[in-house]
Amino acid sequence: MAIQKGVAKRILLDSGAKRVSTEASEAFANLLNKYAYSIAKKAVRLARHARRKTVEKEDIELAKS
C-alpha cells in the first residue's frame, strides 16, 4: 500500500473531520491507492505510446482526465 492509513487519516482531519475511525482511514486509503494506481497505469501507457521511458507531468494530467 503506497498511501498509508495515517496519511489518509491526516487528509480527512485536514478536511475538517473532528475524529476519524480506523475503518474510515483504511477505506479512504484503499480508495486513494486504487485511484493513484489507475492514474499511474494510464500515465505509463501514455508515455510508452509516445515512445518515452520517462513519465512526464503531461502524462499524469492526461491520465487523470
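As the structure is a computational prediction, the values presented were derived from the model and not from experiment.
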message: Is it the case that atom CZ in R48 sees more than 12 heavy atoms from other parts of the structure closer than 6.0 Å?
response: no

- prompt: Do V20 and L31 share a hydrophobic cluster, counting only Ile, Leu, Val, Met, Phe, Trp and Tyr and linking them when any side-chain heavy atoms are less than 4.5 Å apart?
  reply: yes

task: Answer yes or no: is there a donor N or O on one side and an acceptor on the other, between the side chain of S15 and the main chain of I11, under 3.5 Å?
output: yes

task: Any chance you could measure I3, atom CD1, to S25, atom OG, to the nearest 0.5 Å?
output: 13.0 Å

task: Considering non-hydrogen atoms only, spot the tightest contact between K64 and I39 and give its length.
output: CA-CD1, 3.3 Å

query: What are the two closest heavy atoms between A43 and I60, and how far apart are they?
result: CB-CD1, 3.6 Å

message: So, taking the atom named CD in Q4 and the one named CG in N33, what distance separates them when rounded to the nearest 0.5 Å?
response: 8.0 Å

query: Got R45 and K42 here, is their nearest side-chain heavy-atom distance under 4.5 Å?
result: yes

task: Find out if a path of hydrophobic residues (ILVMFWY) with successive side-chain heavy-atom gaps under 4.5 Å connects Y37 to L62.
output: no

statement: Rounded to the nearest 0.5 Å, the NZ atom of K5 sits from the CG atom of L12 at a distance of 13.5 Å

message: For the backbone of A27 and the side chain of N30, can you confirm whether one donor and one acceptor N or O come within less than 3.5 Å of each other?
response: no

Considering all heavy atoms, the nearest L46-A63 contact: CD1-N, 3.8 Å

